[in-house]
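To start, the structure under review is shown below, and the notes come after it.
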Amino acid sequence: MNQKEELAVAQLRRAVHKQGSSTEGFGEITLIRFLVARSFDIDKAAKMFVQWRNWRASFVPLGYIPDSEVAAELQQNKIFLQGLAARGNPVVAVKVHRHVPSKDPLQFKKFVVHLLDKVIASGFRGKEVGNEKLVAVLDLQKLAYKNIDIRGLITGFQFLQDYYPERLSKCYLLNMPGFFVRVWRLVSRFLEKATLEKIVIVSNEEERRALIREVGVDALPEEYGGRAKFTLLQDFQLDKPSEEKTLLIT
């Protein structure tokens with residue numbers, strides 16, 4: 001960290017303490033994520049951190065969401081965890097046409113947490129550093145109106161914004177059908193500028209080549225230009241054998 005960041009982190013720790021919470025156990029790199037997410041506004045970053053800690057304690061009391069609590073979502077076989085991109089970011093791919101909009105908003109929120117926690121944990125090098133970021137590939141091929149889930153899309157991106165600050169490196173949208181453009185415009189209204197800047201709609205060969213370079217052929221599935229096979233989220237084995245010890249996202 002440079003001197004400016006060191007000062008900001010120290011100020012953030014004091015601001016969090018004044019709000020009746022604590023940053024004990026959280027390293028500087030983790031705290032920097034909250035500062036960056038709030039443009040180094042100390043008060044806003046402290047508020048975000050405290051809200052995140054309170055949310056995490058109440059919504060994820062075990063420190064992770066087990067497979068058994070999101071079995072219905074996992075059975076759709078729509079999410080794939082592909083290992084690490086060329087720059088070391090964990091890669092998650094989504095076949096959106098397999099998605100069945102949930103009738104239970106709470107169940108879907110738990111699935112979002114389960115998904116994000118596991119993807120981020122797959123990027124740990126023995127232990128969490130605090131600045132791991134993921135790369136997402138949303139494949140919209142074969143998408144039908146029955147798969148459209150505006151609420152689900154907004155929920156996923158808002159969770160990233162509110163509870164996983166600076167965890168998204170890039171999100172690529174592939175094979176977008178014409179009718180989805182209007183849907184995406186609506187969803188975009190709920191996203192912060194910083195999030196929108198990380199989303200790439202792949203619409204030509206140059207952008208597809210950029211996707212291959214960013215992700216790398218070893219992690220990108222064959223049908224997208226890489227050499228990898230699809231690995232279902234529930235079949236991906238984390239380095240550590242115990243989820244209870246691994247999925248403690250901070």
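Remember, predicted model here, so these are calculated numbers, not experimental data.
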Tell me which donor-acceptor pairs under 3.5 Å the side chains of residues 6-17 have, and how far apart each pair is, sequence neighbours excluded?
unit_1 : atom_1 : unit_2 : atom_2 : d
Arg13  : NH1    : Thr23  : O      : 3.3
Arg13  : NH1    : Thr23  : OG1    : 2.8
Arg13  : NH1    : Phe26  : O      : 3.4
Arg13  : NH2    : Phe26  : O      : 3.0

Just to verify, what does [X] make a ring-ring contact (aromatic ring centres under 6.0 Å, His included) with, not counting sequence neighbours?
X      : result
Phe180 : none
Phe179 : Tyr145
Phe236 : none

Can you check whether Leu74's main-chain N or O pairs, donor with acceptor, with Gln234's side chain at less than 3.5 Å?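 Yes; at least one donor-acceptor contact below 3.5 Å.
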
Would you confirm whether Glu207, through its side chain, and Val200, through its main-chain N or O, come within 3.5 Å as a donor-acceptor pair?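 Looks like no, no N/O pair under 3.5 Å.
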
Counting C-beta onward and ignoring hydrogens, is there a side-chain heavy-atom pair between [X] and [Y] closer than 4.5 Å?
X      : Y      : answer
Trp184 : Ile201 : yes
Glu5   : Phe40  : yes
Asp117 : Tyr164 : yes
Val137 : Leu174 : yes
Val91  : Leu220 : no

Under 6.0 Å from the CZ atom of Arg98, do we count more than 12 heavy atoms belonging to anything else shown?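 Enclosed.
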
Assess whether atom CD of Glu205 is packed by more than 12 heavy atoms of other residues, nucleotides or ligands within 6.0 Å.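 For Glu205, atom CD is crowded (more than 12 foreign heavy atoms under 6.0 Å).
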
Once side-chain hydrogen bond (donor to acceptor under 3.5 Å, both in side chains) is applied, do any residues pair with Arg227, and if so which ones, sequence neighbours excluded?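 Arg227 satisfies side-chain hydrogen bond (donor to acceptor under 3.5 Å, both in side chains) with Asp218 once adjacent residues are dropped.
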
Please list, chain by chain and in numerical order, all residues satisfying side-chain hydrogen bond (donor to acceptor under 3.5 Å, both in side chains) with Ser22, sequence neighbours excluded.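 Ser22 satisfies side-chain hydrogen bond (donor to acceptor under 3.5 Å, both in side chains) with no residue once adjacent residues are dropped.
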
Sequence-distant partners of [X], salt bridge (Lys or Arg N to Asp or Glu O under 4.0 Å), two or more places apart:
X      : result
Lys198 : Glu166
Glu223 : Lys95
Lys146 : none

Mind listing the side-chain donor-acceptor pairs of residues 151-158 below 3.5 Å, one per line with the distance, residues two or more places apart or on another chain?
unit_1 : atom_1 : unit_2 : atom_2 : d
Arg151 : NH2    : Ser102 : O      : 3.2
Thr155 : OG1    : Arg151 : O      : 2.8

Show your working on salt bridge (charged side-chain N to carboxylate O under 4.0 Å, His left out) between Asp104 and Lys110 and close with a plain yes or no. CA-CA 10 Å; Asp104 184 345; Lys110 286 185 176 181; over 6 Å; no

When the ring planes of Phe49 and Trp52 are compared, do they come out parallel, tilted or perpendicular, using 30° and 60° as the limits?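 The rings of Phe49 and Trp52 sit tilted, inter-plane angle from 30° to 60°.
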
Is the ring pair Phe159/Tyr163 parallel, tilted or perpendicular, if the boundaries are 30 and 60 degrees?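 Plane angle over 60°, so perpendicular.
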
Residue pairs, two or more places apart or on separate chains, that pass ring-ring contact (aromatic ring centres under 6.0 Å, His included) and touch residues 185-221: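 Output for this query is empty, none listed.
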
Nearest-0.5 Å distance, CZ of residue Arg167 to CD1 of residue Ile120: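 Rounded to the nearest 0.5 Å, the CZ-CD1 separation comes to 4.5 Å.
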
Using the side chain to side chain contact (heavy atoms under 4.5 Å, CB included) criterion, which residues pair with Asp43? Sequence neighbours excluded.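 Only Asp41 meet the side chain to side chain contact (heavy atoms under 4.5 Å, CB included) criterion with Asp43.
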
Please name the residue in the list Leu116, Leu191, Thr195 that meets the side chain to side chain contact (heavy atoms under 4.5 Å, CB included) test with Leu160.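 When side chain to side chain contact (heavy atoms under 4.5 Å, CB included) is applied between Leu160 and each of Leu116, Leu191, Thr195, only Leu116 qualifies.
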
